[in-house]
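Report on one structure; see the data block that follows.
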Amino acid sequence: MALTTLLLCVFSLILPSHGLPEAVENHNSSDLLCTCNKIAAAISGASQVFFPPAPEYSFDIEHAYSSSNEASACSVEPGSAEDVSEILRILGSTRTPFAVKGGGHTTNPGFSSTRGVHIAMSRFNETKVNSMSGTVEVGAGLTWDQVYEVLEPTGVNVVGGRVFGVGVAGLTLGGGLSYLSNQYGLTVDNVAGYELVLPNGTVTIVTSDDDDLWFGLRGGLNNFGIVTKFIFQTHPQGDIWAGIVYYAENELDAIKEAVINFQQKNDTKASIIVNLAYSSDQFLILVYYFYDAPTPSQVFEDFLAIPATEGNVSTTSFSDFVKSLNFQPVFNGPRTFYGGAPVTQYSHAIFDAFVNQTKFWGAHLSTLDKNVTVISSLEPFDKGLFSHGGRSAYPPDRSHAVLPTSLAVQWSSASLDETMAFALRNISNTIHATALADGQNVSHAAVYVNYALFGTPLKDMYGGNVERLRQIRAAIDPEDVMGLTGGWKF
Ligand SMILES: Cc1cc2nc3c(=O)[nH]c(=O)nc-3n(C[C@H](O)[C@H](O)[C@H](O)COP(=O)(O)OP(=O)(O)OC[C@H]3O[C@@H](n4cnc5c(N)ncnc54)[C@H](O)[C@@H]3O)c2cc1C
Ligand SMILES: *[C@@H]1O[C@H](CO)[C@@H](O)[C@H](O)[C@H]1NC(C)=O
Ligand SMILES: *[C@@H]1O[C@H](CO)[C@@H](O)[C@H](O)[C@H]1NC(C)=O
Ligand SMILES: *[C@@H]1O[C@H](CO)[C@@H](O)[C@H](O)[C@H]1NC(C)=O
Ligand SMILES: *[C@@H]1O[C@H](CO)[C@@H](O)[C@H](O)[C@H]1NC(C)=O
Ligand SMILES: *[C@@H]1O[C@H](CO)[C@@H](O)[C@H](O)[C@H]1NC(C)=O
Ligand SMILES: *[C@@H]1O[C@H](CO)[C@@H](O)[C@H](O)[C@H]1NC(C)=O
Ligand SMILES: *[C@@H]1O[C@H](CO)[C@@H](O)[C@H](O)[C@H]1NC(C)=O
Ligand SMILES: *[C@@H]1O[C@H](CO)[C@@H](O)[C@H](O)[C@H]1NC(C)=O
Ligand SMILES: *[C@@H]1O[C@H](CO)[C@@H](O)[C@H](O)[C@H]1NC(C)=O
């Protein structure tokens with residue numbers, strides 16, 4: 001088998017078609033097998049190629065949500081940056097479509113999946129604290145909960161994801177919103193360096209000395225190569241006060257007033273997420289509370305006066321709190337799409353619109369599929385959210401905070417995918433119109449790239465940065481190797 005496919009390889013070399021994204025349809029299964037075998041022959045013992053039905057293959061291609069899965073020809077787990085380099089060279093020279101997966105939490109199909117060659121970064125799994133420099137090296141295959149667990153006994157922490165299972169790589173490369181962002185900024189504002197395999201296979205360390213790549217990697221996701229390692233600045237971390245609490249629908253007005261007041265308090269140690277959800281013909285409210293100290297200030301007093309149906313908040317460790325936010329199986333959860341609905345303030349009108357949209361679409365979509373859940377997650381970040389770092393691909397405008405607001409829809413039937421995408425676009429558009437009518441200047445409020453639904457125009461996320469990002473991309477990747485993988489493309 002291996003010999004046959006290797007022989008076939010000689011005849012199946014495809015000439016690079018410069019600038020044109022390569023369709024998997026142009027590669028038959030023997031082409032793809034041939035590329036897989038070429039990779040297997042080129043990589044060191046630190047790395048390995050897997051074919052279906054190996055359990056490693058299945059694990060490699062799985063995502064948090066089944067709607068993001070695709071069956072690739074093979075998977076490869078590189079174990080060194082040099083092997084990533086070999087792999088990229090082979091994929092580039094054969095123009096083979098590929099995917100790069102970190103934590104596998106994207107909800108956009110094709111962003112970290114492929115029918116070509118699937119690269120799973122799981123072997124980059126080291127967390128190495130350097131207390132002298134106040135930094136930590138984190139492998140690109142880790143999830144945030146794994147990193148927090150290792151950091152827990154060290155007394156320092158990083159600015160990363162908020163729930164169990166989310167990957168370090170995708171979250172960081174798209175910007176990164178954290179419970180700690182009100183104090184320290186986005187995750188990218190806390191990166192000290194990247195180990196990056198450039199599209200031509202060169203392994204390099206990127207720091208702020210490299211104007212263009214530094215700018216591009218701060219929000220530009222997989223356009224500039226494959227990151228193998230992140231170096232993050234650390235911050236002291238003690239116990240926190242945190243938890244999640246459920247409220248019944250009749251507390252909506254009280255929750256609304258509490259959210260509106262919360263935005264006036266400017267307490268950067270406090271962070272909340274207010275989830276408005278419709279599921280199984282019920283509307284419910286679920287609030288995440290976080291305070292970066294063992295006991296909170298008075299900042300949550302309005303919320304704590306509201307009768308709850310379930311849940312609790314207590315002094316706990318950062319790692320334990322994130323670990324507890326594990327509502328779904330880590331892999332192959334329900335079909336799910338995310339969308340973004342950025343505003344500059346959660347006013348009465350905006351809060352009401354989110355409630356109405358969640359209920360309206362929840363009820364309507366539930367008539368098509370009983371298993372539908374619609375969630376609007378309001379994130380009242382501090383006004384200084386974007387003031388902690390310099391220019392970056394995302395956000396394109398750091399002059400004022402944008403409240404990113406994620407929308408999520410979950411369902412069962414694949415035949416409803418387009419309907420669900422339509423609903424998310426409709427909610428985003430309705431909220432945008434409501435914000436304008438509310439007097440908010442959202443014309444330049446970028447959609448967070450890690451929430452944006454597939455098909456979102458680049459300028460809605462990257463604004464005035466799109467042209468510069470295109471130029472950087474053209475200079476770094478003249479052969480358009482990264483165009484062979486999915487995601488937002490400059
Ligand atoms: C339940 C849930 C909770 C979330 N919570 C947060 C949150 O608290 N804060 C926040 O900011 N976002 C959050 N998000 C959004 C999250 O940032 C994105 O889903 C992000 O894509 C997750 O990264 P990943 O590595 O898990 O994703 P993957 O699906 O593995 O990758 C996402 C993208 O990054 C690219 N990529 C992955 N690894 C590399 C690499 N090594 N080099 C180059 N490109 C790479 C992939 O090719 C893909 O295009 C959440 C999403 C979900 C579903
Ligand atoms: C499939 O690939 C083989 C080997 O490269 C090639 O000989 C054959 O023509 C290809 N078939 C199609 C339908 O493209
Ligand atoms: C990292 O992965 C290797 C296998 O590639 C495994 O042996 C090792 O235990 C893992 N380390 C951690 C910290 O998970
Ligand atoms: C918080 O900041 C806003 C605007 O910057 C200001 O109007 C408000 O008074 C501040 N609140 C407190 C409690 O300092
Ligand atoms: C917190 O609440 C959840 C859900 O109500 C419950 O399962 C959990 O046991 C509670 N934890 C504590 C420490 O009380
Ligand atoms: C709620 O949303 C629906 C659908 O967008 C719309 O028709 C209706 O007018 C809205 N109701 C209110 C009170 O805004
Ligand atoms: C809803 O989910 C259940 C359990 O996962 C499944 O058996 C059922 O087929 C789903 N319903 C629809 C309409 O897809
Ligand atoms: C949303 O969808 C409804 C119909 O379902 C339509 O009437 C309305 O115009 C749409 N609004 C936007 C802003 O897309
Ligand atoms: C809206 O904000 C942008 C920058 O984000 C600014 O250039 C523009 O002048 C603002 N418009 C108004 C009407 O304030
Ligand atoms: C690879 O790309 C980088 C960045 O454009 C460039 O500096 C380097 O010379 C290239 N290496 C080779 C071998 O072409």
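Just follow the structure's listing: the first ligand is 1, and inside any ligand the first atom is 1. Everything quoted here is computed from the prediction, not taken from an experiment.
- Across the listed options Asn200, Asp210, Leu213, Thr204, Asn200 owns the non-hydrogen atom lying nearest to atom 6 (C) of ligand 10.
- Residues Thr135 and Thr234 come closest through the heavy atom pair C-CG2, 3.8 Å.
- Ring geometry, Tyr394 versus Tyr448: the interplanar angle falls from 30° to 60°, so the pair is classed tilted.
- The distance criterion of under 3.5 Å between nitrogen or oxygen atoms is met by Asn125 with respect to ligand 3.
- Protein heavy atom nearest atom 7 (O) of ligand 6, with residue, atom name and distance: Phe360 CE1, 4.8 Å.
- By the 4.0 Å N-to-carboxylate-O rule, Arg95 lies too far from Glu479 to be salt-bridged with it.
- Atom CD of Glu149 has 12 or fewer neighbouring heavy atoms from other residues, nucleotides or ligands inside a 6.0 Å radius.
- In the candidate list Asn429, Asn426, Asn356, Asn356 is nearest to atom 8 (C) of ligand 6, counting heavy atoms.
- Within 4.0 Å of atom 14 (O) of ligand 3, at least one protein heavy atom is present.
- Put simply, atom 2 (O) of ligand 6 has protein non-hydrogen atoms near it, under 4.0 Å away.
- At most 12 non-hydrogen atoms from other residues, nucleotides or ligands lie less than 6.0 angstrom from CZ of Phe59.
- Ion pairing between Lys101 and Asp60 fails under the 4.0 Å rule for side-chain N and carboxylate O.
- Comparing heavy-atom distances from atom 5 (O) of ligand 6 across Lys359, His364, Gln357 singles out Gln357 as nearest.
- For ligand 10, the atoms lying closer than 4.0 Å to a non-hydrogen atom of Leu198 are 3 (C), 4 (C).
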